[in-house]
Amino acid sequence: MIRKRLWITRWLSDATLERAVRDYDVVINHEDTPGTADELIAASADFDAIIPCHSEHFSADVVAQFSDRLQIVANHSVGVDHCDLPALKTRGIAVTNTPDVLSDATAELAMLLMLGAARHAVAGDRIVRTGVWDSWSPAFMVGKQVTGARLGIIGMGRVGRAFAAKARGFDMDIHYYNRTELPVDQAQGATYHGSVESLLSVADFLSLHCPATPETTNLMNSERFSLLPQGAVMVNTARGALVDETALLETLTRKHLAAAGLDCFQVEPGGNPAFSEHDNIFMLPHIGSATRSTRDAMGFRALDNVDAFFAGKTPGDLL
């Protein structure tokens with residue numbers, strides 16, 4: 001029996017690659033660099049399936065040049081803002097993602113960013129590491145307490161709910177905005193707000209967990225930053241497109257926002273060089289799901305979707 005050909009665009013976990021090689025005729029990108037538009041177009045003629053990451057961009061103009069061979073794009077990610085879903089659907093190409101399995105890892109990182117931003121992690125690490133810590137006083141590096149504070153969550157999907165569960169361990173008063181109000185058993189006592197603006201007014205801490213769409217691009221802009229309470233802290237582990245970075249810098253500079261914790265940026269890789277001048281921005285390089293167990297689970301979930309598709313079944317994560 002001829003095995004299906006599969007292109008894996010990035011270097012995934014060892015367990016994932018071992019399973020893929022066992023079951024498919026696999027080509028792996030050993031250089032671990034993002035697949036280019038030309039490579040994606042060429043691959044559409046040579047492969048039956050592609051497992052890409054968010055670093056590969058399936059835009060409408062790229063998809064329009066695809067061969068008819070490619071049958072499924074099984075994303076190694078939850079977000080699919082790098083895929084033009086209508087264009088892929090028009091070409092009859094199935095698209096899947098990997099929900100659920102990275103929720104806890106991403107929520108853990110959001111908690112790290114919230115705590116680090118609130119308690120001066122960047123400045124504190126720097127002064128100890130560079131040997132300039134030579135004094136102490138009761139007024140030294142006083143931060144913002146998380147325990148008992150009001151937490152606003154935009155996007156109460158899987159990751160948002162996982163973050164809320166962890167925040168309850170800090171006795172936070174949880175508020176959320178979502179496209180629809182959650183059932184009582186999922187809300188777990190969190191207060192629903194029917195608008196972003198209403199939520200922002202009570203968010204001493206704000207965490208973003210919604211997808212990047214045309215509607216959510218620059219969701220946090222100058223006007224909305226001004227609605228946060230004085231001294232609020234914002235965390236973003238979702239997508240860089242959600243935040244107007246110029247507006248973020250402006251509101252930090254005028255000290256309306258006390259700090260920010262960021263795992264994603266408008267430009268990736270690289271981030272925003274201007275952020276480096278601000279010790280009250282705690283930054284990580286888009287590693288929300290980067291734990292060994294989560295990477296294995298994401299890879300297996302992508303392969304599960306490929307397996308189901310070629311077995312004539314509907315993939316569990318078909319979009």
Side-chain angles (χ1 to χ4, degrees), residues 75 77-81 83 85 95-114 146-217 219-220 224 227-229 232-239 241-243 261 263-264 288-289 291 293-294 297-298 300-302 304-305 308 313-319:
N75 287 290
S77 64
V78 171
V80 291
D81 49 297
C83 293
L85 296 180
V95 181
T96 61
N97 65 344
T98 58
D100 301 317
V101 294
L102 52 70
S103 301
D104 282 324
T106 304
E108 287 175 2
L109 200 84
M111 185 61 67
L112 169 65
L113 288 168
M114 182 169 70
V146 168
T147 300
R150 298 174 300 179
L151 169 63
I153 297 175
I154 298 181
M156 202 69 153
R158 297 174 181 88
V159 180
R161 294 197 300 275
F163 182 59
K166 290 166 176 52
R168 290 187 185 97
F170 287 87
D171 296 324
M172 300 189 84
D173 178 18
I174 300 168
H175 298 249
Y176 74 98
Y177 167 78
N178 204 48
R179 285 176 295 182
T180 56
E181 186 173 1
L182 295 179
V184 172
D185 62 324
Q186 291 186 6
Q188 294 289 298
T191 301
Y192 174 69
H193 292 257
S195 69
V196 172
E197 288 73 18
S198 172
L199 174 75
L200 295 178
S201 68
V202 299
D204 299 313
F205 290 87
L206 175 69
S207 194
L208 307 181
H209 296 285
C210 55
T213 66
E215 293 74 28
T216 60
T217 297
L219 172 75
M220 291 306 299
R224 284 186 168 141
L227 298 177
L228 289 166
V233 172
M234 186 199 76
V235 171
N236 185 12
T237 55
R239 285 291 187 264
L242 303 179
V243 177
D263 186 46
C264 44
S289 59
T291 69
S293 60
T294 297
M298 291 173 69
F300 284 6
R301 188 80 171 233
D304 287 346
N305 287 319
K313 303 174 183 178
T314 301
D317 303 310
L318 184 68
L319 298 171

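Model, not experiment: these values are computed from the prediction.
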inquiry  = So which atom in Gly152 and which in Leu199 form the shortest heavy-atom distance, rounded to 0.1 Å?
reply    = CA-CD1, 3.8 Å
inquiry  = Whether the Ser198 and Ser195 side chains hold a donor-acceptor pair (N or O, under 3.5 Å, no angle test) is what I'd like checked.
reply    = no
Point-to-point distance, once rounded to the nearest 0.5 Å, from CG of Leu206 to OH of Tyr177 = 13.5 Å
ask   = Are side-chain heavy atoms of Phe163 and Leu151 found at a separation under 4.5 Å?
value = yes
ask   = Is Val146 close to Phe205 at the side-chain level, that is, under 4.5 Å between some pair of heavy atoms?
value = yes
inquiry  = So which atom in Leu102 and which in Ser289 form the shortest heavy-atom distance, rounded to 0.1 Å?
reply    = CB-CB, 3.8 Å
query = What is the distance from atom CE of Met156 to atom CD of Gln188, rounded to the nearest 0.5 Å?
reply = 9.0 Å
message = Keeping Asp171 on the side-chain end and Thr147 on the backbone end, is there a donor-acceptor pair under 3.5 Å?
response = no
query = Between Ala162 and Ser103, which heavy-atom pair has the shortest distance, and what is it?
reply = CB-O, 3.9 Å
inquiry  = Nearest 0.5 Å, please: how far is CG in Leu182 from CZ in Arg161?
reply    = 6.0 Å
request  = Would you name the heavy atoms of Arg179 and Tyr192 that are closest together and state the gap between them?
outcome  = O-OH, 4.3 Å
key: Distance in Å, Thr294 OG1 paired with Asp104 CG, rounded so as to fall on 0.5 Å steps   = 7.5 Å
ask   = Which heavy-atom pair separates Ala232 from Ala203 by the least distance, and what is that distance?
value = CB-O, 3.6 Å
request  = Please confirm whether the backbone N or O of Leu318 pairs with a side-chain atom of Thr96, one donor and one acceptor, at under 3.5 Å?
outcome  = no
ask   = How many angstroms lie between atom CG of Leu109 and atom CG of Asp263, to the nearest 0.5 angstrom?
value = 5.0 Å
request  = Only one of Asp204, Ile154, Thr191, Ile153 passes side chain to side chain contact (heavy atoms under 4.5 Å, CB included) with His175; say which it is.
outcome  = Thr191
request  = Measure the spacing between CD of Glu181 and OH of Tyr176 and express it to the nearest 0.5 Å.
outcome  = 4.5 Å
message = Is there a side-chain contact (heavy atoms from CB on, under 4.5 Å) between Leu242 and Met220? Walk through the geometry before answering.
response = CA-CA 6 Å; Leu242 303 179; Met220 291 306 299; over 6 Å; no
task = Taking all heavy atoms of Pro229 and all of Ser201, pick out the closest pair and write down the distance.
result = CG-O, 3.7 Å
key: Side-chain heavy atoms of Val202 within contact of His193, under 4.5 Å   = yes
inquiry  = Please check this pair: side chain of Asn305 against backbone of Asp317, looking for a donor-acceptor N/O pair closer than 3.5 Å.
reply    = yes
message = Let's go through Leu219 and Arg239 carefully: what are the C-alpha distance in whole Å and the side-chain angles of both, what is the deciding distance for side-chain contact (heavy atoms from CB on, under 4.5 Å) to 0.1 Å, and is it a yes or a no?
response = CA-CA 11 Å; Leu219 172 75; Arg239 285 291 187 264; over 6 Å; no
Heavy-atom donor-acceptor pair, Asp173 side chain to Arg150 backbone, under 3.5 Å = no
